[in-house]
Amino acid sequence: MTPLRQRMLEDMQLRGVRLFSRSSRMVERNARDGAASVTVRTIAIVIGLLTSLIVGSRLTAQQSRIAYLAVDLRTNAPIATVRPDLLDAPILPGSIMKVATLAAALESGVINERTGLLCSREAVVAGHRLVCTHPDLHRSLRPAEALAHSCNVFFATVAARLPRTSLDRALVSLGLPPSDPSLPVAAAALGVEGIRASPRHLLDLMVRVTVDPSPLSWRASTLTVIREGLRGAAQYGTASALAAQGVDAMAKTGTTLAATGGSQGLVVGVTPALKPTIGFVLLASGGAGTDAAALAADRLRSQSPAPSATVRIGIARQDGGYTVRTMPLEEYVAGVLVGEAAPGSTPAALEALAVTIRTFTVANRGRHNADGFDLCDLTHCQVLRKPTPTAERAAAATAGRVLRYRGAVASVFYTASCGGHSERPSAVWPGAADPRFLPSRADDACGGDPAWMADLTVEDLSRALRAGGFKGESLRDVRVIGRTLSGRVAWLRLDGLTPNEISGEALRTLVGRTLGWQHIRSTAFDLRRTGSGFHVAGHGAGHGVGLCVVGSARLAARGESAGTILSRYFPGLQISTLDASLARKVPEVLVSLPAGDQGEHDVIYNLTARALDALVAKLGVVAPARLRLRFHPTVESYQRTTGQPWFTAGATRGTDVHLLPLSVLRMRGILERTIRHELIHILIEPALAGRPLWVSEGAASYFAGEVLSSDDTLPGGSDPGASSSCPIDRELRSPISQDALRIAYARAAACFARQIRTGKEWRDVF
């Protein structure tokens, strides 16, 4: 490629990105006022297509004007480097400086984490006119939000009150030089003048703020606010292109003037957000900060290394804590085989169990992320013991092989003994999905072994129940009041305690954790009152879902192969070699509940996972790498965080879903429908960006099953399906009442449904 042709292509790429960004903002602004014309939208689409073609060429590093650095934070070794000469050249940092400004303001007491400021959309700093391009939220922005949206008005207001000594102290602690004393404090605080730093130094700034433990001596509350803002920037703010491409990160963007004239976009960040392992910085000449974030997201996706075949295990200590050990995956599989296999198992049984263990491990990687590891070594996850040569041979014989369903690693289970009849997941964990590969059916290979019995005193059983939160003066009686189709205990009545009912699985778990797992080995049992307590007699061991370890061992002893055993216990699943695409649990669903609702975690998780799986298939989209559902403890907390009125149910920001309290949603009877509605927003927003709000809200209502039937009418007797009026953005974004919002949603759903009925794909509705 000739130098002239190369330069022309570079200019087209960067100008196209900026033009598309400006067009998108213009359409969004016009649509918000209800005035976006078909012509403007058409132009934006054409520009977007042209831009995609240009950016899609993916110029090599030598053919572009982009500087990029990605670093492995564990070793400090570079993963990728482009134009190192630009990475070490001092530049005006632009809005990256808002990280230091916010820290200085919080540390000096100029503001606190609850300070709110209303954005007037424009500020003048040291002669520079700075316009806010973020959405007008029609309310005050708090510090974390202001950082996420890079609100110029917020930071100009704060900078006007900020002593230079406070700003310089923050800058020095971040490894940067103090501000130029000859220039106004605000100029340095917003990064337009008064300080220069290289992109490499700005990456170091980001790492100091985000790694844990942080080397900074700031208050914990200061770090919390800044990290929340950086996470918000990468989710819904100026760096949201990262989340749109499935990159979980904390990041900050900036747009500034180059020394030779023209603009340059900048983004610095770390990924993943929870436990960062990669730091990155990208500088794009001729672009804006949002463009730099999009270009960085593309590189992070294409250059991220394949996940290492290791797993982080939490080894339980006697003091209740964990010691984290990183193990090679196959070594871990061999160790779990020793802990979970039936004694005397033949190679075929061990190999079938090894594939199951590996599949469970990969599908549940990150189960203990909040504790800093993937899986524990207890029955909660998988029991781990020292590998034996026999177990190592079985792991090696099946190395890298997993079970998958619809192309993804399957969520499988295994049990010590199904007791002669396997169980459906939902019968054990209410609300869990019941995929076809986990059926409930008789298992003649198991035969009902082992039989067992136990005697529990009233005092011991009461102690176990109280450990689970049950209250009351005395436990008078326990009776079975319901069984599953397989004959297992579903529910028991507790006379004398509150609540007065408990599931069979919950009772087994509480007794196991408090008194020992030998007492109630499965939920296939009978129970009767004795003079001192209760006599329990049952058969089987474990929850009964999935592969039966005893049954599989007997099948192998009869000469069945590992493949035949797996197809018997997991009908319809395929055995496949683990690769980079399968090694990730996609998506990772995080459920955040108040302390009083923690017992509902598995129900909500399984409900969400089931809905997400169905919606991904229905919409034909790829789910994000991670999403989070946050149920607020009070309606006031939900309103304060989202800015939404009490009569709404949920609000999505990037891949974070904020929801009313669980009890409120259940009382209204809209829990599952609301979760589906917000999940749809996450899945469709990348394809519908820049369109009127009624399109996405109509799609969410339509696919969540909220569309009014032909027999339904709106207040006043009007038929939403017959109306040609689609709601403007203001009606959906700022409704004046609950009825007004319901009507606006119904109109949006009707408008969307009308276009779908004409044969349009949902992506083409406009």
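In what follows, residues are counted from 1 in the order of the sequence shown.
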Side chain to side chain donor-acceptor pair (under 3.5 Å) partners for Asp656, two or more places apart:
none
Separation of His658 NE2 from Tyr638 OH (nearest 0.5 Å)
9.5 Å
Could you check Asp168 against Thr165 for side-chain hydrogen bond (donor to acceptor under 3.5 Å, both in side chains), going step by step and ending with a plain yes or no?
CA-CA 5 Å; Asp168 287 348; Thr165 54; over 6 Å; no
Walk me through it: do Ser108 and Arg169 pass the test side chain to side chain contact (heavy atoms under 4.5 Å, CB included)?
CA-CA 10 Å; Ser108 63; Arg169 190 179 305 118; 5.6 Å; no
With sequence neighbours excluded, what pairs up with Arg208 under the salt bridge (charged side-chain N to carboxylate O under 4.0 Å, His left out) test?
Asp204
Output all residues satisfying ring pair (Phe, Tyr, Trp, His ring centres under 6.0 Å) with His681, sequence neighbours left out; order by chain, then residue number.
His677
Taken in chain and number order and not counting sequence neighbours, the residues that satisfy side chain to side chain contact (heavy atoms under 4.5 Å, CB included) with Ala89 are none
Please give me the minimum heavy-atom distance between Pro163 and Val110, naming the atom from each residue.
CD-CG2, 4.2 Å
To the nearest 0.5 angstrom, please state how far the CG atom of Leu202 sits from the CG atom of Leu69.
11.5 Å
With rounding to the nearest 0.5 Å, note down the distance linking CD1 in Ile728 to CH2 in Trp694.
14.0 Å
Tell me if a side-chain donor or acceptor on Ser240 pairs with a main-chain N or O of Gly237 at a distance below 3.5 Å.
yes
With side-chain contact (heavy atoms from CB on, under 4.5 Å) as the test, pick out the partner of Thr652 among Ile680, Ile682, Leu627.
Ile682
Going by the salt bridge (Lys or Arg N to Asp or Glu O under 4.0 Å) test, which pairs reach into residues 630-647, not counting sequence neighbours?
none
Heavy-atom check, side chain of Arg299 versus side chain of Val82, under 4.5 Å:
no
Considering non-hydrogen atoms only, spot the tightest contact between Pro143 and Val225 and give its length.
CB-CG1, 3.9 Å
Is there a side chain to side chain contact (heavy atoms under 4.5 Å, CB included) between Ser179 and Val185 once you walk through the steps?
CA-CA 8 Å; Ser179 61; Val185 173; 5.8 Å; no
Do Pro661 and Val635 have side chains that approach each other closer than 4.5 Å (heavy atoms only, starting at C-beta)?
yes
Let's test your reading of the model: do Cys751 and Cys726 have SG atoms under 2.5 angstrom apart?
yes
Side chain to side chain contact (heavy atoms under 4.5 Å, CB included) for Leu117 and Ser140? Distances and angles first, verdict last.
CA-CA 5 Å; Leu117 294 174; Ser140 297; 5.7 Å; no
Return yes if some donor-acceptor pair links the side-chain N/O of Glu697 with the main-chain N/O of Tyr745 below 3.5 Å, else return no.
no
Supply the atom-to-atom distance Leu190 CG to Ile195 CD1, rounded to the nearest 0.5 angstrom.
12.5 Å
Side-chain donor/acceptor of Asp298 to backbone N/O of Leu295, under 3.5 Å:
no
Carefully, step by step, assess Ser150 and Ser95 under the rule side-chain hydrogen bond (donor to acceptor under 3.5 Å, both in side chains).
CA-CA 7 Å; Ser150 201; Ser95 291; 3.3 Å; yes
When rounded to the nearest 0.5 Å, the distance separating CH2 of Trp762 from OG of Ser696 is 10.5 Å
So do the side chains of Pro272 and Val247 get within less than 4.5 Å of each other, counting heavy atoms only?
no
Can you find a heavy atom in the side chain of Thr655 that is under 4.5 Å from one in the side chain of Glu685?
no
Identify the heavy atoms of Gly269 and Leu203 that sit nearest to each other, and give their distance.
O-CD1, 3.9 Å
Mutual orientation of the aromatic rings belonging to His149 and His134 [parallel < 30°, tilted 30-60°, perpendicular > 60°]
tilted
Give the minimum heavy-atom separation between Ala156 and Val125, together with the two atoms involved.
CB-CG2, 3.8 Å
Under a 3.5 Å threshold, yes or no: a donor from one side chain and an acceptor from the other, between Glu107 and Ser166?
no
Among residues at least two apart in sequence or on other chains, which ones pass salt bridge (charged side-chain N to carboxylate O under 4.0 Å, His left out) with Glu678?
none
Any residue meeting salt bridge (charged side-chain N to carboxylate O under 4.0 Å, His left out) with Glu193, in chain and number order, not counting sequence neighbours
none
Just so I know, are the side chains of Leu174 and His201 near enough to count as touching, which here means a heavy-atom distance under 4.5 Å?
no
Listed partners of Asp85 passing side chain to side chain donor-acceptor pair (under 3.5 Å), at least two apart
Arg83
State, to 0.1 Å, how close Gly643 and Arg139 come at their nearest heavy-atom pair, and which atoms those are.
CA-NE, 3.4 Å
Measure the NZ-CZ distance between Lys98 and Phe154 for me, rounded to the nearest 0.5 Å.
10.5 Å
Determine whether a donor-acceptor pair (N or O, by modelled atom type, separation under 3.5 Å) exists between the side chain of Arg161 and the backbone of Ile111.
no
Are Ile91 and Leu266 packed together at the side-chain level, in the sense that at least one heavy-atom pair is separated by less than 4.5 angstrom?
yes
Salt bridge (charged side-chain N to carboxylate O under 4.0 Å, His left out) with Arg164: which residues, sequence neighbours excluded?
none
Under 3.5 Å, side chain of Thr255 to main-chain N/O of Gly289, donor-acceptor pair present?
yes
Which residue pairs pass the salt bridge (Lys or Arg N to Asp or Glu O under 4.0 Å) test with at least one member in residues 194-203, sequence neighbours excluded?
Asp88-Arg200
Output all residues satisfying side chain to side chain donor-acceptor pair (under 3.5 Å) with Glu113, sequence neighbours left out; order by chain, then residue number.
none
What are the two closest heavy atoms between Gly287 and Ser263, and how far apart are they?
O-OG, 3.3 Å
Output, in order, the C-alpha distance, side-chain angles, deciding distance and verdict of side chain to side chain contact (heavy atoms under 4.5 Å, CB included) for Thr642 and Arg653.
CA-CA 9 Å; Thr642 66; Arg653 305 285 186 267; 4.0 Å; yes
So, Thr648 side chain and Pro645 main chain: donor-acceptor pair closer than 3.5 Å or not?
yes
Just by distance, do the side chain of Arg227 and the backbone of Thr222 share a donor-acceptor pair under 3.5 Å?
no
Side-chain touch Leu147/Glu228, heavy atoms, less than 4.5 angstrom:
no
May I ask you to test the Leu106-Trp218 pair for a side-chain heavy-atom distance under 4.5 Å?
no
Side chain to side chain donor-acceptor pair (under 3.5 Å) partners for Arg219, two or more places apart
none
